[in-house]
Amino acid sequence: MTRTMMIAATAALLAAPAFADAIDRIKIDAGESLFDAQCRRCHAVDATDPSYGPLLDGIVGRKAGTFEGYEYSEALAGAGFAWTAGALRAWMEDNDAFVPGTKMRHVGITDPTVQDFIVSYLASVGH
Ligand code: HEC
């Protein structure tokens with residue numbers, strides 16, 4: 001390896017984590033805009049904001065249908081799983097099929113990139 005190549009390789013290694021952080025930031029910001037457009041009119045992520053649907057603060061890892069004080073459909077209250085990134089993607093894609101009997105209006109977000117951005121945003125709030 002030449003000296004120049006070594007310097008270039010070292011620089012690339014040093015830059016990698018910062019680059020990954022920057023990508024994460026972009027995904028979270030894009031997810032926030034998408035969430036604002038498609039979800040925010042029914043869901044807040046901050047308990048001080050009004051929320052018609054359940055608060056989604058800390059939703060990744062939370063058991064479905066368990067936000068205290070919210071009146072869920074029987075279907076979601078009895079669903080018995082915890083929200084993972086995969087579950088959230090399936091829910092956004094077709095919530096009625098994922099939990100038949102849910103009272104959330106169908107959103108139908110089928111683009112995996114859009115799903116991914118919204119999940120990144122949701123994973124970034126409430127920890
Ligand atoms: C028209 C209002 C409305 C819109 C728009 C909406 N939701 Fe919902 N959402 C609800 C309601 C109502 C429930 C409760 C469903 C139930 O009890 O069956 C819910 C439930 C949920 C839950 C389950 C929460 C829990 O505590 O288990 C998640 C996750 C969720 N919504 C995500 C989203 C996302 C992400 C979007 C945007 C892509 C979105 N919702 C758009 C009304 C909405």
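Counting from 1, the numbers follow the sequence of the chain as shown. Computed from a predicted model, the values in this text were never measured in an experiment.
With sequence neighbours left out, Tyr72 forms a side-chain hydrogen bond (donor to acceptor under 3.5 Å, both in side chains) with no residue at all. Residues passing the ring pair (Phe, Tyr, Trp, His ring centres under 6.0 Å) test with Phe67, sequence neighbours excluded: none. A search for salt bridge (charged side-chain N to carboxylate O under 4.0 Å, His left out) contacts involving Asp111 returns nothing, not counting sequence neighbours.
By the neighbour-count criterion of 12 heavy atoms within 6.0 Å, atom NZ of Lys103 is densely surrounded, having more than that number from other residues, nucleotides or ligands.
For the atom pair Arg40 CZ and Asp49 CG, the distance stands at 7.5 Å (nearest 0.5 Å). Here CG of Asp29 is found 10.5 Å from OG of Ser120. Values are rounded to the nearest 0.5 Å. Distance check, rounded to the nearest 0.5 Å: OG1 of Thr84 to CZ of Arg62 gives 14.0 Å. Note that the CZ atom of Phe35 and the CZ atom of Arg41 stand 11.5 Å from one another [nearest 0.5 Å].
Using a 4.5 Å cut-off on side-chain heavy atoms (C-beta onward), Tyr70 and Leu55 make no contact. In this structure, the side chains of Asp57 and Asp46 stay at 4.5 Å or more apart for every pair of heavy atoms. Tyr121 has its side chain out of reach of Leu34: every pair of non-hydrogen atoms, C-beta onward, lies at least 4.5 Å apart. Side-chain contact between Leu88 and Val60 is present, with at least one heavy-atom pair separated by less than 4.5 Å. Two residues are said to be in side-chain contact when any heavy atoms from C-beta on lie closer than 4.5 Å; His43 and Tyr52 fail this criterion.
Between Ser51 and Ala44, the closest heavy-atom pair is OG-N, 3.0 Å.
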- Message: Go through it in stages, so that I can follow the logic: the residues are Gln38 and Val107, the test is side chain to side chain contact (heavy atoms under 4.5 Å, CB included), and I'd like the CA-CA distance, side-chain angles, deciding distance and then a yes or no.
- Response: CA-CA 8 Å; Gln38 317 238 31; Val107 281; 5.9 Å; no
- Leu56 and Val125: CA distance, side-chain angles, deciding distance, side chain to side chain contact (heavy atoms under 4.5 Å, CB included) verdict: CA-CA 8 Å; Leu56 295 185; Val125 291; over 6 Å; no
Which donor-acceptor pairs under 3.5 Å do side chains of residues 5-24 form with protein atoms, sequence neighbours excluded?
from  : atom 1 : to   : atom 2 : distance (Å)
Thr10 : OG1    : Met6 : O      : 2.7

For residues 112-119, which side-chain N or O atoms pair as donor and acceptor with protein atoms under 3.5 Å away, sequence neighbours left out?
from   : atom 1 : to     : atom 2 : distance (Å)
Gln115 : NE2    : Glu93  : OE1    : 3.0
Gln115 : NE2    : Ile109 : O      : 2.7
Asp116 : OD2    : Lys27  : NZ     : 3.2

Using distance only, find each side-chain donor-acceptor pair of residues 74-83 under 3.5 Å and give its atom names and separation, not counting sequence neighbours.
none

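Between the side chain of Thr66 and the backbone N or O of Lys63, at least one donor-acceptor pair lies under 3.5 Å.
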